[in-house]
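Numbers restart at 1 for each chain; the letters A, B, ... are given by sequence-line order, proteins then strands. As the structure is a computational prediction, the values presented were derived from the model and not from experiment.
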Amino acid sequence: MFITVYRTIILYIVVIISIRLMGKRQIGDMQPSELVITLLISEIAAMPLQDTDQPILFGVSAIFTIVVIEILVSILALKSFFVRKMLSGKSAILIKDGIIDQKELKKVRMTVLDLVEMLRGQQVFDIATVSFAVLETGGSLSVLLKSKEQPATVGDLKVQKGPAELPLPVISDGKILAESLKALGIDEGTVTVKLAKRGIKPKNVFLMTLDSAGKAEIVKKESIL
Amino acid sequence: MKRLVLSLVLLGVVLLVCYYGVSFVTSTYKEITNQLDLGTEYAKNENFKAAQEHIKKAEKLYTSREQFMAAFVNHGILDEIGQTISGVAPLANKDSLPEFFSLMSEAKTALAHLRNDHIFLIGNLF
């Protein structure tokens, strides 16, 4: 049993080193340590499932060990920049003021075509319009357009607009969601009154959303329509 | 902080279970090997009745603990050891002594492997 714990620790270190060696391109949107956790947990969980000769405790103890390691490592990463850098690497600025940093591109082992493809994914089709393009530690590309290329905001246009409201689901499939009511600072009565005004009973509502300004959206159940 | 405490508690539970598993397997190994050793001694002195008694004791002990050991040990290995031990007793007679010693040695080796798989050995890590 202890051997499972020891082997799990060794495997964790080995896989994390391998993923770090592979670099950003292979890891998609996850942080390297998150990917390691995902890979290990899915694999370990599958082993006792596939091989019924193996005690399930082997898998459970290994997964618990991984979880503990992950939490401890994430706490360490919060406290230490060095640990964070070791685990996740650091972001790389690939474009500055519309100019591609070829050295940096080589360092992260990306071709210019890869970069162009990633830019297109961000709806950017002209490199000259980019102020900064940063390859994040998770492998995604963040793009900041030059000021003159950025779309105008409400602030830029000096248009008066009320504060943005977040609509919360208050009824789902006929059931009133107490947590949403609490978040909105209202009670069940407010919701039933709103529904009564439209001649609907809560049990006949498929979805009802409400924002803090009192704006409601109601979708009736299909059998009622 | 809550997560850290919870994870440490989880790890504590896992380590306790591991410790209990190792102790259980080790003590079972010792008790069964002891009975098998006695059986071997009696067989060497041609006291086959006493030899069979001790081997049967070992078999009974193994059967009673096998199910619980299955929580800590690969079930296939447990089955193999069980079959080996149960094959020893019928060979405890004058006519099949060489086979008896051979199978007894096989059973003891398998039990030793079972224990060794659960203790800290460099070989187990790699």
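Using a 4.5 Å heavy-atom cut-off against chain A, the contacting residues of residues 74-95 of chain B are N74(B), H75(B), G76(B).
No more than 12 heavy atoms of other residues, nucleotides or ligands lie within 6.0 Å of OH in Y42(B), so this atom counts as exposed by the packing criterion. Summarising the local packing, CD of E188(A) is surrounded by 12 or fewer heavy atoms from other residues, nucleotides or ligands at distances under 6.0 Å. Shown here is F24(B), whose CZ atom has more than 12 heavy atoms of other residues, nucleotides or ligands within 6.0 Å. The environment of E179(A) atom CD is sparse: at most 12 non-hydrogen atoms of other residues, nucleotides or ligands sit within 6.0 angstrom. The environment of CD in Q150(A) is crowded: more than 12 heavy-atom neighbours from other residues, nucleotides or ligands sit within 6.0 Å. Residue K146(A) qualifies as enclosed at atom NZ: its count of foreign heavy atoms under 6.0 Å is above 12. Crowding of I56(A) atom CD1: a count of heavy atoms from other residues, nucleotides or ligands under 6.0 Å not exceeding 12.
Contact record, P55(A) with A71(B): CB-O, 3.1 Å, taken as the closest heavy-atom pair. The two residues F72(B) and F58(A) make their nearest non-hydrogen contact at O-CE1, 3.1 Å.
Inter-residue side-chain proximity for L11(B) and F64(A) is flagged as unmet; no heavy-atom pair is nearer than 4.5 Å.
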Report all side-chain donor-acceptor pairs from residues 211-219 of chain A shorter than 3.5 Å, counting only partners two or more places apart or in another chain.
unit_1  : atom_1 : unit_2  : atom_2 : d
D211(A) : OD1    : A213(A) : N      : 3.0
D211(A) : OD1    : G214(A) : N      : 3.0
D211(A) : OD1    : K215(A) : N      : 2.9
S212(A) : OG     : E165(A) : OE1    : 2.3

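Residue V73(B) touches chain A through its backbone alone, counting heavy-atom pairs closer than 4.5 Å.
Once rounded to the nearest 0.5 Å, the distance linking CG of L8(B) with CG of L72(A) reads 6.0 Å.
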